[in-house]
Every structure is written in structure tokens, then in C-alpha cells.
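Below is one structure, written out as C-alpha cells; the observations come after it.
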Amino acid sequence: MSYPKRYLITSALPYANGLKHVGHLAGAYIPADIYVRYLRAQKRDVVFVCGSDEHGTAIPIQAMKEGTTPQAIIDKYHFAMKQDFADLDISFDIYHRTSSPLHHETAQEFFTYLNDRGELETKETEQYYDEEAKSFLADRYIKGTCPNCGSDRAFGDQCENCGTTLSPDELINPVSTLSGNPPVKKKTTHWYLPLGKHEQFLRTWILEQHKDDWRNTVIGQCKSWIEGGLQSRAVTRDLDWGIALPSSLKGGLGKVLYVWFDAPIGYISATKQWAIDNGKDWKPYWQDKETKLVHFIGKDNIVFHCIIFPIMLKLHGDILPDNVPANEFLNLEGDKMSTSRNWKLEMRDYINDFVKKENGGGQCVDMLRYYLTQIAPETKDSEFTWKGFQDAVNSELVSVFGNFVNRTWVLMHKLCNGKVPVFHNDLIDDQDKQLIADITASKEKVESLLEQYKFREALYEVIDLSRKGNQYMQKKEPWILAKKLAPLNPPQGGTSESGNMKRSLNIDDTKAPPSEGFGEASSLEGREAAQKSIDNCLHLCLQLSANLTVLIHPFLPNTAQKMLHMMKVVDKILDWKNAGSLKLLSVGYSLREPQLLFRKIEDAEIAEQMEKLKAGLVKAETGSLTAGQAGQKSDLTPQASDLKPQIQYDDFTKLDLKVATIIAAEKVAKADKLLKLEVDLGFEKRIIVSGIALHFKPEDIIGKQVVIVANLAPRKMKGIESNGMILMAEDKDGKLKFINPDEASANGSSVS
RNA sequence: CGCGAAGUAGAGCAGCGGUAGCUCGACGGGCUCAUAACCCGUAGGUCGGGAGUUCGAUCCUCCCCUUCGCAACCA
């Protein structure tokens, strides 16, 4: 098999507007790290790059939310994320950032190169502009009806309903999501990347050349995009946060590169920075055909990495990705992860609770890496549960893998003097041969699975090999053989050299036989035979352990290090070529005392995490990063700071609040959350549409008295005109309750 | 309603045209070197329902049912 000359591996650039959760970790970082560690162990030439993505409209928005500047936001999250990855042993060769001058330069150069060669189009267009918010509207902030499927859930960039990629102009009845007003058109010039020109290239490259080696989910998505028609995409934006267009460019003033354009170029600038730092040349990594480029991403990123960025790379004369093993999403305890609802497990939270303190350190990093790999959403969405985490750790890592290593070491110390025993070739039996064959086979399986990005299965193979070790040991039962060895009880007390069986063999043959009739076995020959059997068994178990070290290392680096320590060997042994070898530990070499590789996860710990998760549902979002801002907010109780600005009595009197009774209620078709209510105000009956369908069944609320805002301007929702608004109280866990008079009142009574 | 995803042993998942499999759990047994760990065995499934294609379907086609998701953020 011939291998590429070098590898460039990327993990999706995390967006610097908040901390990242374990879903991100499982999707793009752990798989990449495993792959890279494996490649390094193979002694391949590999560079693993990542960095923070720091541009785009969401950064200034986050800054507003946190009451600070965009620069402060990106600094805060860049360093926080970098630290998280370091704490979880994601072994980037460089973790860069797109706000760096080098990146700005690189992205500008890239843009200029394409523009100079006429690969970009410019168009003066009328862009949507929100006069109230005084800004051009990012695609995502415009909502309307999809021209393709007619859904009203289409956004300016993509339809949520049918998945079609859109541009804002195609939307029917656009509305600004900032102010709720229809935006106005305003003239502006922008540069576009005409994707459509490259359709044939994409069809050939993806749908033909990669139809067998790329994941189905990836191919499927690409196909639907290509077949949906590829629109030109604007490369520039009217915004003040981002990479300015080159100053030489006419009409470029006040515009920046669209973040999707500059972000993937971040992989290139990161590589450049790495090259500078390490005295290397970055060019071959992006331009030499013998480089294998692999992007690890989540499924939401497929279009950029499989369609858009490759077109850019092609036009720029760079190499194309060899594979884009995108993962699906990871759910959490039955629900989608969500930043706004705070239903998530941030890397930082796990680090604080498990990795730091005396709570486990590195082994806890490996536990998380283990579980996230074991449930990796490689083929479909999967789910993180704390119970699942506990089970995986306790019954696989602790009981199978850790226990095998531990019992091997303990027995070796007890029965072989703490040294690697000799293997007596003349006594080799079928079980030994089988185990040896299993070791070789495992190495090959793991290797082949890793080359195919099947991390889940590869990890299973490693654990399964340790399971085979347990089975082998069980059949060999060295502890039974030990009974035949030494009826001699070592002198009580003393230094208790319990592993001194061999010596006892020599001095022992005059002693009385053991009480339980080992007559034959206690003969000298019997004892020697027993010792030889023990030697063979433990020799293989030790070699197996050494193999496990090599094989587990890409997945669980801390564990591998711990095992190296126990074996008193150097990192060199982790070279992948050592896997499958039965000569990793030399005969007679003395090994350290065993250390437990993993601790168990207690019930109380997962109970605590579940509580936290549920409590987090109401936690203020800004509270998640405790360091930083002047430490306010994030309490569970409502605070003065939640209050809106003061109003005058006159403002209040503008509201016409009335008591009414719900006399009819039904669900609104095509809307999950809306109920159409008819209320009796005494003097009239009217229709109100209310977004409470998730909380109440229509039949349960008929007859309920409520307070409504009676003079609210009518508004159409789902084609139904709503005349007023029902007042509700929302408590901490998001539950809604009606506001009503404490005794029944006449319909139409005013509230003041 | 529509779109997407999914429905396989108690749970979590593999398999995807030819005797239904893994992990956990349950039960029984063995062992005691080991973090009450390990090993062996047993039970438990007409692979959501129906029709079709086929010599043959869990796997292909069609219809139906059920579940989840479909504001934003996001791997």
C-alpha cells in the first residue's frame, strides 16, 4: 500500500462567540485528533491545524449582548476555546485565529487572486436594509417564503424546510428579523463567486470520483445541493467587522469579506503560521498533489467544505480535500443541544468537574474521549447520556480494559518476580497461538478502520482485544497453577516479597506437601511445568498489554502514557509499527507496580450532572464563563437587571387590559406552537392567536378566565388575524401560567 | 399539512437480498489474580404494519402507522 507523502488535517474552526460543547468535540475534534495521532504514530508527515473563526455578524451581536467590544469577545472566547482543547488533549500543531494579520493578508491575497483572474463577478444590487436598525441585513436576518417549496420558514441563505440554498432576493415577502419590518432595498456593490460555473466539476469530482469513499450522508447532501441548482454567492458584505477588501480595490471601501469566505482560508493561514514557527515550508501542504487534505467537520458544514471551499481551492490552484468525514449531531439526554436553552454540556464544564481537582485528571479526559468516540455520530445522530457515560466507563474501560491490565500486572508481580517472564516456545499451545493471531488481526483491523475514518469500530476492536486477553487468562488460570507451585508460605512480615516463587521452588522441596493433595503437582517437575505455564501466560498477557498501549494511544493518550510508565519504557514504543509485535517487552525486564488506569464513575456523580443540566436550563447564558466580565448576573432568580427601562404612568394607561373567558380553542394547522382562541369579552367575542400550544391542550383551557391586552394592533399569524394578546406568567423552567383574577369576574372588566 | 430522520431482544445500537448479531442489563453457573472486577452459559425478536418485486427480504418498491426534529445558536 502506498501512502500520501504528507497530510494536512483540519478541524472545523470554532466560532468565537461562545464556548463549545461536547457535541462539537465529538463531531470535529476528537475524530481528527485520533486520526492525527494515528498518523503520527505511523511516522507520516502530518500537520493538524485549527483556530478560532472570529468574523461575521454574530460577533458584534454577541458583543452587544455581553456589553463589550467585538475584540473583547474574540479574545475571551479564543483563549477559552484554545484552553479547552488543550485540556482535552486535542493535539493541534497550531491553534490559530482569523483575526491575525497573517490571516487577513492571506485572505486578501486569496480574494485578489480570484478577482484578478476574473473568477469573481461584481454586481450592483439592491440589498435589503433595515432602516430602523440602520444596517444592511445579513442573509440570516431576513425571513420569508421559500420560492422552491413555499414554506414560510425560509431564511435569506437557506430554506429550513426544503434545504435549498437561497439568496435573500429569492425570498417572497421578506421581513427583517431585527425589527420585524419589511426591509427596504438599498444599492450596494458586491463580489460574487459563481458556483454554477463549476457544477460539472463538482459532479465529476464528488458524485463520480468520491462516490465510494465519502460517507453517504456527505454525498447525499452534496447531491441535493448540486441538483438544487448552484447560485452565485456573495463574497463580500457591508459590515465593519471582518477582513477589509484590499484598499486598492475600487468600490471596496466599507466592505469586508463574507465570513464564510475568509474562515476556511483560516486553515491555510494557520498552516503558514505553523510553518513560520517551525521553519518549514507551508506550500507543499496546500499545493502539492501528493498531500492528502482531510477536513473534519459537523454536518452543518458540509456545503462549505464540499462545495464552496473546493471551488475556491481549485480556482486558487490548491489541492482539494481527499475526504470530508462529516459527523452528524450529538443529542443530549433526549434533546437537541441548544445554546439558548442551555441544554448542553460544555467542554469547560466537564473539565471543571472531572478533569481538574483531585477528581481524576487525565484519566477523566480519556473517559470522555472514550465515550464520545464510542457514541460518535458517524452515520446518524446519536445521544450523550450520563448513564451511558457511566456504563461505558465502568463496564468497558474499567472492567474490561483496565482490569485486564491490572490483573496482568498483579499476577506478574506475584508469580513472576515483577519481571517479564520468559516464553517457553516448546510449550506453546493452541490458546497461545490463537491469542497471538488475535493480536496481529487486531492491529490490522484497527489500522484499516482508522484509514476509513471508522473510529467507533476501531475503538471497539481495541477494547475487544483486551476482552480476548481476559478470556485467554481465564482459560489459562495462572492463579490455579500457582497453587501447584509453592506450598511454602513466605515468612510472615519481613519485606513480603510475594513474587518470590522461583526462589521458593529451589528451597522448598523438603517441605511438606500442601494440604489439598497437590501430590503429583508438587513434584519438582510438576512445579517447573506449572511455572513455565505461568510464564507463558503472563508473557503473552504482558506483550498483549504493550500492544494495547500502542493501539489505544490515538484514542486515549493519557492512558497510553500511564501504561508506558508501568512498563518503564519510552514513547518510542508507541510507534505504530510496534503494534502486532510480541517482542515489545524484553524478558527479564522488571516492571513497575500496577496503577489503576481508570476509576469508576459513581452514581452520585451522574445524578449531580443531571441536576446541573436541568438547573442550567434557566441559567443566564452569559453566566457560563465565570472569569471575565465583572462577575454579575447568572443567578437563578430574577434580578433588577432584568427590568426594562422605566416608563411613565401615561405609558401604562395606553394599555387596555380586560378580563375575558376562553370559549373556544383549536390548534392552528401547520404551526406547532399556535392555538387559535376565541374569547368572550362580554361586549364582544374575538379571535386571538397565541403561541401556547406546547403548554396547553385546547380542550383543557376552554372556560378559563384570562387577562388580555385588548387594544393591541391586529396581526396576522399563519393567515389568521389575532386581535389581542393573552397575558401569561413564565416561570423559571419555562412553564406558562395564565394570569387571571383571583375570583371570577365579569367578562370585559378592566384591569388597572 | 409539508420536509427530514428513525422504527431490529428490557435499554443502546450493528447488519441491509440467502441459517438475526454486538454491548449493557436480567437469570444460572464457574473462578477468585483483579477496581463486587473476569469467564462460561441461558432466556428474550414473526427485524413498526400491509402489499408488491424475487426462487428467497430485516435489507429493494409502494402504501400506511408511530416517534423525534423542523425559532435561534451550532460540530
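In what follows, chains carry the letters A, B, and so on, assigned in the order in which the sequence lines appear, proteins first and then strands, with residues in each chain numbered from 1.
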Would one find a side-chain N or O of A:Lys476 under 4.0 angstrom from OP1 or OP2 of B:C39? no
Regarding A:Glu396 and A:Gln374, is there a side-chain donor-to-acceptor distance under 3.5 Å anywhere? yes
Value in whole Å for how far the C1' atom of B:A36 lies from CD1 of A:Ile601: 18 Å
Looking only at side chains, do A:Asp430 and A:Gln434 share a donor and an acceptor under 3.5 Å apart? no
Where each residue is assigned the nucleotide of RNA chain B containing its nearest heavy atom, which of A:Asn301 and A:Glu396 is assigned the position nearer the 5′ end? A:Glu396
Under 3.5 Å: donor-acceptor pair, side chain of A:Gln390, backbone of A:Ile601: yes
Under a 3.5 Å limit for both distances, which nucleotide forms a Watson-Crick or G-U wobble pair with B:A51, could you say? B:U61
Under 4.0 angstrom between A:Lys475 side-chain N/O and B:C31 OP1 or OP2: no
Describe the nucleic acid contact of A:Tyr460 in one word from base, sugar-phosphate, nothing, applying a heavy-atom distance below 4.0 Å. sugar-phosphate
Using a cut-off of 4.0 Å on non-hydrogen atoms, how would the nucleic acid contact of A:Leu597 be classed: base, sugar-phosphate, or nothing? base
Name the pairing partner of B:G2, where a pair is Watson-Crick or G-U wobble with both distances under 3.5 Å, or state none. B:C70
So does A:Gln471 get a side-chain nitrogen or oxygen closer than 4.0 Å to the phosphate oxygens (OP1/OP2) of B:C38? no
Scan A:Arg348, A:Lys82, A:Arg369 and name whichever one has a salt bridge (Lys or Arg N to Asp or Glu O under 4.0 Å) with A:Asp87. A:Arg348
Of all the choices, B:U35, B:C33, B:C13, which nucleotide is nearest to the side chain of A:Lys600 once you look at every atom? B:U35
Can you tell me, in whole Å, how much space there is between the P of B:G2 and that of B:G15? 30 Å
